[in-house]
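All remarks here apply to the structure that follows.
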Amino acid sequence: MILICVFAAAALYGAYLENEDTADEPAAVVNNFIEKDADLIVYYFDVGQGDSSLISYDGQTVLIDAGEQGMGDTVVGYIEALGISRIDYVIATHPHSDHIGGMPEVIEAFEIGTVIAPKISDEMTPTTKVYEKFLTALSGKGLRLTAAKTGDAYSLADDSVENDNTAFEIIAPIRDDYTDLNDWSVGIRLVHGDTAFIFTGDAEKDAEADMIESGEVLSADVLKTPHHGSSTSSSGAFLESVNPTYAVISCGDGNSYGHPHSETIEKFDDYGIKYYRTDQNGTVTAYSDGETVKIVTERETDKNVDS
């Protein structure tokens with residue numbers, strides 16, 4: 001399945017292999033790494049002003065969010081093009097429409113395993129039509145929500161490989177009294193060999209501080225930038241704790257929020273973090289062999305330019 005995903009990705013996003021800019025390596029070197037060494041793939045889909053990422057490893061898949069309403073068919077198309085028919089884990093980070101709006105189409109289109117979401121307090125539970133449609137879609141497939149519990153780990157390990165540590169662990173939400181729905185976002189840390197990836201939904205600085213204080217290991221090679229690059233997230237302390245080499249910002253072209261904010265871009269520059277933006281780069285894909293991470297993009301742009 002991993003080879004199917006690799007070649008399907010190459011066909012779907014042909015510009016990746018020609019326009020990659022990881023350390024300015026020759027395309028042939030990156031091609032060889034993808035085809036022969038990389039066995040874990042993380043897709044940061046271009047879904048406009050929203051979030052949707054897919055992890056693929058050893059025939060198992062993890063979908064994190066599905067973009068805004070109207071993007072469900074787009075996400076389904078991305079996944080189908082990779083030859084995937086089952087999603088083993090679906091993570092709905094929090095019930096804002098730009099994260100769960102496309103979930104009903106995804107739930108309908110694929111065989112679904114475990115669905116993970118935050119157990120939000122009654123007073124914070126939304127009553128929106130978007131959230132209602134999400135729950136209705138789950139009910140229609142006989143699915144129930146699994147509450148995200150910090151410290152819970154889900155193995156993706158290949159049983160045939162000795163000492164395979166591939167797994168993701170829930171690292172947020174830490175508390176049960178947040179007053180901002182963004183801070184309820186499910187956060188996970190994905191580990192594969194010596195490489196790691198962090199996903200934190202729309203966690204704001206308060207939630208980031210809680211993750212730091214919890215003592216959870218936060219170091220990672222790639223950070224899916226919280227809250228689309230908003231200045232209300234990506235605190236200096238959090239970036240120091242994660243210490244990523246790369247950051248991926250999921251945002252829409254010309255969005256009304258001004259994401260990513262210039263303050264966040266300046267921090268990335270100050271910390272020497274190489275960043276990618278779905279509004280500029282299209283879908284961003286990370287490949288790992290357990291030792292090295294290489295990033296390829298759908299479109300090549302002038303890097304680290306705040307526009």
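Just so you know, these numbers use all the heavy atoms, side chains as well, and skip hydrogens, waters and symmetry mates.
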Listing, residues 212-221 side-chain donor-acceptor contacts under 3.5 Å, not counting sequence neighbours, or none:
residue: Ser214; atom: OG; partner: Met211; partner atom: O; Å: 2.7
residue: Ser214; atom: OG; partner: Glu216; partner atom: N; Å: 3.1
residue: Ser219; atom: OG; partner: Arg189; partner atom: NH2; Å: 3.4
residue: Asp221; atom: OD2; partner: Ala196; partner atom: N; Å: 2.8

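- By the 4.5 Å heavy-atom criterion applied to side chains, Thr61 and Leu54 are counted as neighbours.
- Nearest heavy atoms, Ile273 versus Pro244: CG1-O, 3.6 Å.
- Here Glu68 contributes atom CD and His96 contributes atom NE2; the two are 10.5 Å apart, rounded to the nearest 0.5 Å.
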Applying side chain to side chain contact (heavy atoms under 4.5 Å, CB included), run through Ile34 and Lys294 and close with a yes or a no.
-> CA-CA 9 Å; Ile34 291 172; Lys294 295 187 185 296; over 6 Å; no

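- The side-chain heavy atoms of Tyr154 and Ile170, taken from C-beta on, include a pair separated by under 4.5 Å.
- Looking at Thr195, Leu156, Val222 one by one, the single match for side-chain contact (heavy atoms from CB on, under 4.5 Å) with Leu190 turns out to be Leu156.
- There is no side-chain donor-acceptor pair under 3.5 Å between Thr146 and Thr114.
- Side-chain atoms of Glu111 never come within 3.5 Å of backbone atoms of Arg86 as a donor-acceptor pair (strictly under, hydrogens ignored).
- The local environment of CG in Asp159 is sparse, with at most 12 non-hydrogen atoms from other residues, nucleotides or ligands closer than 6.0 Å.
- Taking the six-membered ring where tryptophan is involved, the planes of Tyr131 and Phe134 are tilted, since the angle between them lies from 30° to 60°.
- At distances below 3.5 Å, not a single donor-acceptor pair connects side-chain atoms of Ser139 with backbone N or O atoms of Leu135.
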Kindly list each side-chain donor-acceptor pair under 3.5 angstrom involving residues 116-127, sequence neighbours excluded, with atom names and distances?
residue: Thr125; atom: OG1; partner: Ser121; partner atom: O; Å: 2.9

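- Partners of Asp210 under the salt bridge (Lys or Arg N to Asp or Glu O under 4.0 Å) rule, at least two apart in sequence or in another chain, are Arg175.
- Separation of atoms OH (Tyr275) and CG (Asn281) is listed at 9.5 Å; rounding is to 0.5 Å.
- Annotation: Lys141, atom NZ; neighbour count of heavy atoms from other residues, nucleotides and ligands within 6.0 Å is above 12.
- Put simply, the side chain of Ile79 reaches to within 4.5 Å of the side chain of Phe45, judged on heavy atoms.
- The neighbour count for Glu80 CD, taken as heavy atoms of other residues, nucleotides or ligands under 6.0 Å away, is above 12.
- Side-chain contact check for Ile295 versus Val248: every heavy-atom pair is 4.5 Å or farther apart.
- The two residues Ala167 and Ser155 come nearest to each other via the heavy atoms CB-CA, 3.8 Å.
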Going through the distances and angles, do Ile188 and Ile55 end up as a side chain to side chain contact (heavy atoms under 4.5 Å, CB included)?
-> CA-CA 12 Å; Ile188 71 166; Ile55 300 162; 4.3 Å; yes

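- Counting only N and O atoms by type, the side chains of Tyr89 and Gln60 include no donor and acceptor under 3.5 Å apart.
- For Val293 against Ser288, the heavy-atom pair with the smallest separation is CG2-CB, 4.2 Å.
- For the residue pair Asp164/Tyr57, the side-chain donor-acceptor check at 3.5 Å is satisfied.
- The closest side-chain donor-acceptor pair between Asp39 and His192 falls under 3.5 angstrom.
- At least one donor-acceptor pair under 3.5 Å links the side chain of Thr264 to the backbone N or O of Gly229.
- Among all heavy-atom pairs drawn from Ala66 and Met103, the shortest one is CB-N, 3.7 Å.
- The side-chain hydrogen bond (donor to acceptor under 3.5 Å, both in side chains) with Asp98 is formed by just one residue from the set Gln69, His228, Gln49; it is His228.
- Side chain of Ser53 to backbone of Ile64: no donor-acceptor contact under 3.5 angstrom is found.
- Annotation: side chain of Thr292 is not in contact with side chain of Asp37 (no heavy-atom distance under 4.5 Å).
- None of Asp65, Thr200, Asn182, Asp51 except one satisfies the side-chain hydrogen bond (donor to acceptor under 3.5 Å, both in side chains) rule with Thr93; the exception is Asp65.
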Given Tyr43 and Tyr78, is the side chain to side chain contact (heavy atoms under 4.5 Å, CB included) satisfied, shown in steps?
-> CA-CA 10 Å; Tyr43 304 92; Tyr78 283 146; over 6 Å; no

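- The two residues Phe110 and Val76 have their closest heavy-atom pair at CZ-O, 3.8 Å.
- For Glu208 (side chain) and Ser233 (main-chain N/O), no donor-acceptor pair under 3.5 Å exists by modelled atom type.
- Within the 4.5 Å cutoff, side-chain heavy atoms of Phe238 are placed close to those of Leu223.
- Summarising the geometry, atom CG belonging to Asp58 is positioned 6.5 Å from atom OG belonging to Ser160; distances are rounded to the nearest 0.5 Å.
- Between Thr166 and Leu40 there is a side-chain heavy-atom pair separated by less than 4.5 Å.
- A single hydrophobic cluster is not seen to contain both Val191 and Ile171; linkage of ILVMFWY side chains at heavy-atom distances under 4.5 Å, directly or through other members, places them apart.
- Counting only heavy atoms from C-beta outward, the side chains of Ile91 and Phe168 approach each other to under 4.5 Å.
- Although no hydrogens or angles enter the test, the distance criterion places no donor-acceptor pair under 3.5 Å between the side chain of Trp184 and the main chain of His94.
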Evaluation steps, side chain to side chain contact (heavy atoms under 4.5 Å, CB included), between Val47 and Thr278 | CA-CA 8 Å; Val47 291; Thr278 59; over 6 Å; no

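- Around the NZ atom of Lys205, the shell of radius 6.0 Å holds more than 12 heavy atoms that belong to other residues, nucleotides or ligands.
- Remark: side-chain polar atoms of Asn32 are not paired, donor with acceptor, to backbone N or O of Ala28 under 3.5 angstrom.
- The NE2 atom of His261 sits 5.0 Å away from the OG atom of Ser231 when rounded to the nearest 0.5 Å.
- Rounded to the nearest 0.5 Å, atoms CG (Asp183) and CD (Glu204) are 5.5 Å apart.
- The two residues Ser234 and Leu239 make their nearest non-hydrogen contact at O-CD1, 3.9 Å.
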